[in-house]
**Student:** 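Got a structure here, written out as structure tokens. Questions coming.
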Amino acid sequence: MDLLLLLVAVVWGSSYLAAKTLTGTVSVTAILSLRFLITAVALVVIWLLWHRRRTSRREAATGVVLGLTQAAVLILETHGIAGTSATNAGLIISLVVVFTPVTESIAFRVKLPRMVFVAGVIAVVGVCLLVSADGFATPGAGDLLMLAAAAVRSIHVTAVSALTRGRGFSALNLTLVQSVVCALLYTAADYPGVLRAVQGFGAAEWIGVLYLGLVCSVFAFLVQTWAIQQTSGSRAGLLMGTEPIWAVLIGITIGQESLALLGFVGAALIIAGTYLGLRAEARHRTGADRLRAGGSESFGQPVPAVHAPSPRV
């Protein structure tokens, strides 16, 4: 099971290079349209074969709202990937692990441990060094878009917690509705570009889109959902929180990208900051759960918190 969660982290880490490769062939919107059309079709098949639980009106409405926020995240994220390296993209987006506890503490008025804020400072310093190349410089447009995507994703994750907690919604139904919303929005935004992509894609491009839609979205979602039910949220979060490490390794080895010395220092600080923030938040949540449960080992609903970087669906 731990290996499966690590595989999810590897898959997510590789998604930046896959998306980066595709942005050189067609528009960002066309890529996202095809990715989510594939994701939606696959989830419909899974729903028909194994689930068949009807989506309630409230569930559908929630899925639409979350689909809109997810669409905003992904348009920023994919435009950001097009303007920076896959290595930088994977590292900067990992700041969602630090940002989300802050947005949730504001939304739910939950006091956070000081270490979460310390971790945030460490990670932000890491970003400054990462984008500095061989010397201190202004971040590029792609880096800034990835930073904005991380901030908006933290709001999206907070919205997921606020709108779904304690309501008994089906994770598959919600993800399916979100995917359909994203597919419709992106297709409507660039229908001619989608047609050109379908007509002009070669085998390599189709493999890339299928990888993003089926492996990075559907496979990762299903494995994550199953594995989290078999282990603690903290353990799952820490394993899937290794995503930026894999993004760096894949970007440098397969993508043949490079980092200057300051970039390596920045990458190390980002990884350290996200890890410290995740650990501090997990300990804080576990302690709060124990207090709620009266000191027993049977924990109740968790304090609003992110367990891991949000799924790429």
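Quick caveat: nothing in here was measured; it's all calculated off a predicted structure.
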**Student:** Output, in order, the C-alpha distance, side-chain angles, deciding distance and verdict of salt bridge (charged side-chain N to carboxylate O under 4.0 Å, His left out) for R54 and E59.
**Tutor:** CA-CA 10 Å; R54 291 186 61 185; E59 202 170 42; over 6 Å; no
**Student:** For the hydrophobic clusters of this structure (ILVMFWY residues joined by side-chain heavy atoms under 4.5 Å, transitively), does one cluster hold both L185 and L34?
**Tutor:** no
**Student:** Can you tell me if T39 and S179 form a side-chain donor-acceptor pair at under 3.5 Å?
**Tutor:** no
**Student:** Is there a donor-acceptor pair closer than 3.5 Å between any side-chain N or O of D143 and the backbone N or O of G140?
**Tutor:** yes
**Student:** Flag the pair N173 / W47 as yes when at least one side-chain heavy-atom distance between them is below 4.5 Å, and no otherwise.
**Tutor:** yes
**Student:** Using a 4.5 Å cut-off on heavy atoms from C-beta on, say whether the side chain of F264 contacts that of I252.
**Tutor:** yes
**Student:** For a quick test of reading the model, state the closest non-hydrogen atom pair linking C216 to A220 and the distance between them.
**Tutor:** O-CB, 3.5 Å
**Student:** Pairing donors with acceptors under 3.5 angstrom, does anything connect the side chains of T100 and S154?
**Tutor:** no
**Student:** Check for a donor-acceptor pair, side chain of S161 on one end and backbone N or O of T158 on the other, with a separation under 3.5 Å.
**Tutor:** no
**Student:** Kindly say whether V10 contributes a backbone atom to a donor-acceptor pair with the side chain of E243 at under 3.5 angstrom?
**Tutor:** no
**Student:** Under 3.5 Å, side chain of R167 to main-chain N/O of L163, donor-acceptor pair present?
**Tutor:** yes
**Student:** Kindly compute the distance separating OG1 (T25) from CZ (R196), expressed to the nearest 0.5 Å.
**Tutor:** 12.0 Å
**Student:** With rounding to the nearest 0.5 Å, note down the distance linking NE2 in H79 to OG1 in T84.
**Tutor:** 15.0 Å
**Student:** Atom CG in L176, atom OG1 in T55: separation rounded to 0.5 Å?
**Tutor:** 6.5 Å
**Student:** Let me confirm one number: the CD-CG distance from Q178 to L68, rounded to the nearest 0.5 Å.
**Tutor:** 9.5 Å
**Student:** Looking at L76, I81, T78, which one forms a side-chain contact (heavy atoms from CB on, under 4.5 Å) with V28?
**Tutor:** T78
**Student:** Over all heavy atoms of both residues, which pair between A150 and I93 is shortest? Give the atoms and the distance, please.
**Tutor:** N-CD1, 3.6 Å
**Student:** Quick one: does V209's side chain get under 4.5 Å of E205's, heavy atoms only?
**Tutor:** no
**Student:** Are V160 and V65 connected into the same hydrophobic cluster when the rule is that any two of I, L, V, M, F, W, Y join if their side-chain heavy atoms are below 4.5 Å apart?
**Tutor:** yes
**Student:** Between M146 and A89, what is the shortest heavy-atom contact and its length?
**Tutor:** CE-O, 3.4 Å
**Student:** Any side-chain heavy atom of F36 within less than 4.5 Å of one from V180?
**Tutor:** no
**Student:** Does the side-chain contact (heavy atoms from CB on, under 4.5 Å) test come out yes or no for L66 and T164, once each step is laid out?
**Tutor:** CA-CA 10 Å; L66 297 179; T164 66; 4.3 Å; yes
**Student:** Side chains of L214 and I38, heavy atoms from C-beta outward: is any pair under 4.5 Å?
**Tutor:** yes
**Student:** Under 4.5 Å between side-chain heavy atoms, hopping through other hydrophobics if needed: is there a path connecting L7 to L5?
**Tutor:** yes
**Student:** Evaluate L172 against F221 for side-chain contact (heavy atoms from CB on, under 4.5 Å), listing each step before the verdict.
**Tutor:** CA-CA 9 Å; L172 179 57; F221 161 70; 3.9 Å; yes
**Student:** If hydrophobic clusters are built from ILVMFWY residues whose side chains come within less than 4.5 Å, do L195 and V26 share one?
**Tutor:** no
**Student:** If the test is side-chain contact (heavy atoms from CB on, under 4.5 Å), which one of L95, L91, T87 qualifies with P244?
**Tutor:** L91
**Student:** Which pair of non-hydrogen atoms, one from G90 and one from A247, has the smallest distance, and what is that distance?
**Tutor:** CA-CB, 3.7 Å
**Student:** Return yes when atom CZ of R53 has more than 12 non-hydrogen atoms of other residues, nucleotides or ligands closer than 6.0 Å, and no otherwise.
**Tutor:** yes
**Student:** Using the side-chain contact (heavy atoms from CB on, under 4.5 Å) definition, which of the options I271, I270, L269 pairs with I122?
**Tutor:** L269
**Student:** Measure across A183 and T187 and return the closest heavy-atom pair with its distance rounded to 0.1 Å.
**Tutor:** O-OG1, 2.6 Å
**Student:** Hydrophobic cluster membership, with links at side-chain heavy-atom distances under 4.5 Å among I/L/V/M/F/W/Y: are L22 and V198 in one?
**Tutor:** yes
**Student:** Taking side chain as C-beta onward, heavy atoms only, is S217 less than 4.5 Å from R35?
**Tutor:** yes
**Student:** Just verifying a value: how many Å separate L4 CG and L222 CG, rounded to the nearest 0.5 Å?
**Tutor:** 11.5 Å
**Student:** How far does OG of S14 sit from CD1 of I254, to the nearest 0.5 angstrom?
**Tutor:** 8.0 Å
**Student:** Decide yes or no for V64 and V177: does some side-chain heavy atom of the first lie under 4.5 Å from some side-chain heavy atom of the second?
**Tutor:** yes
**Student:** With side-chain contact (heavy atoms from CB on, under 4.5 Å) as the criterion, how do L74 and Y186 come out once you've worked through the C-alpha distance, each side chain's angles and the decisive distance to 0.1 Å?
**Tutor:** CA-CA 10 Å; L74 288 164; Y186 295 138; 3.4 Å; yes
**Student:** Would you call the rings of F201 and W206 parallel, tilted or perpendicular, taking 30° and 60° as the class edges?
**Tutor:** perpendicular
**Student:** So do the side chains of V118 and L276 get within less than 4.5 Å of each other, counting heavy atoms only?
**Tutor:** no
**Student:** Restricting to non-hydrogen atoms, name the atom on A42 and the atom on V218 that form the minimum distance, rounded to 0.1 Å.
**Tutor:** CB-CG2, 3.8 Å
**Student:** Checking F99 against R153 for the side-chain contact (heavy atoms from CB on, under 4.5 Å) test, could you report, in this order, the C-alpha distance in whole Å, the side-chain angles of both residues, the deciding distance, and whether it holds?
**Tutor:** CA-CA 9 Å; F99 290 167; R153 187 176 287 280; over 6 Å; no
